[in-house]
Amino acid sequence: QQQVKQSPQSLIVQKGGISIINCAYENTAFDYFPWYQQFPGKGPALLIAIRPDVSEKKEGRFTISFNKSAKQFSLHIMDSQPGDSATYFCAASIGGDDKIIFGKGTRLHILP
Amino acid sequence: DVKVTQSSRYLVKRTGEKVFLECVQDMDHENMFWYRQDPGLGLRLIYFSYDVKMKEKGDIPEGYSVSREKKERFSLILESASTNQTSMYLCASSSRQEGADTQYFGPGTRLTVL
């Protein structure tokens, strides 16, 4: 119930392509869905986040698509660049609970 | 900018040693967290704290303890290090203000137990 399932575990995309990472959850009480980006040797940092009152949020080349009925959300990286190569974590939390439940992560590699 | 610092980037210890990992944040955040990160397992919560002297167990607290004597400092203690505690340890902090959901992470400490 408290899990967030993330796929794929690793992803290789050509420069300029679209990277897509998917996540699914079971607990319908989750009401905040962030994505964190982690570069080698660094801690994760918030990339973009969405709440379930909208189906899509876009910030630059990064878009979260949210499907409440399917309990799924995904990160799309348009025009992927080598500098986007990193590990991406989807996550979920419940309002009022300070804990965040993280997915297992996706290692993304963008080929130059 | 929020800054979370961890006392060591790399640490090598021997089995059975007592290990202290220190974390300091400079944003007056109420919440502080300790995670371990292992390949294929993601981020697993060890302990967290909502306030000074408060602590709550996370998902994998066995073999660990924590201390929070001051608001800005949260320490993770391995009472008797074992080889299966070799991992990357990440500290994070967040505010309890409504709507402030972001966790801010330190750079991590890579601990090797021989």
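Residue numbering restarts at 1 for every chain, and letters A, B, ... go by the order of the sequence lines. In what follows, every heavy atom counts, from backbone to side chain, and hydrogens, waters and symmetry copies are set aside.
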Any idea which of G105(A), G41(A), S10(A) has the most non-hydrogen atom pairs under 4.5 angstrom with chain B? G41(A)
Relative to chain A, which segment of R110(B) carries a heavy atom at a distance below 4.5 Å: side chain, backbone, both, or neither? neither
So, do F102(A) and Y35(B) have ring centers that fall under 6.0 Å from each other? yes
Heavy-atom pairs under 4.5 Å with chain B - which of K42(A), Q38(A), R107(A) has more of them than the others? Q38(A)
Charged N-O contact under 4.0 Å between D84(A) and R61(A): yes
Part of Q6(A) lying under 4.5 Å from any heavy atom of chain B: neither
State yes or no: do F73(A) and I20(A) share one hydrophobic cluster built from I, L, V, M, F, W and Y residues joined by side-chain heavy-atom distances below 4.5 Å, directly or via other members? no
Do F33(A) and Y25(A) have ring centroids that are under 6.0 Å from one another? yes
Measure Q6(B) against the heavy atoms of chain A and call it side chain, backbone, both or neither at under 4.5 Å. neither
Under 4.5 Å to a heavy atom of chain B? For P34(A) that would be neither
Over-ring placement of R96(B) relative to Y50(B), 6.0 Å and 45° cut-offs: yes
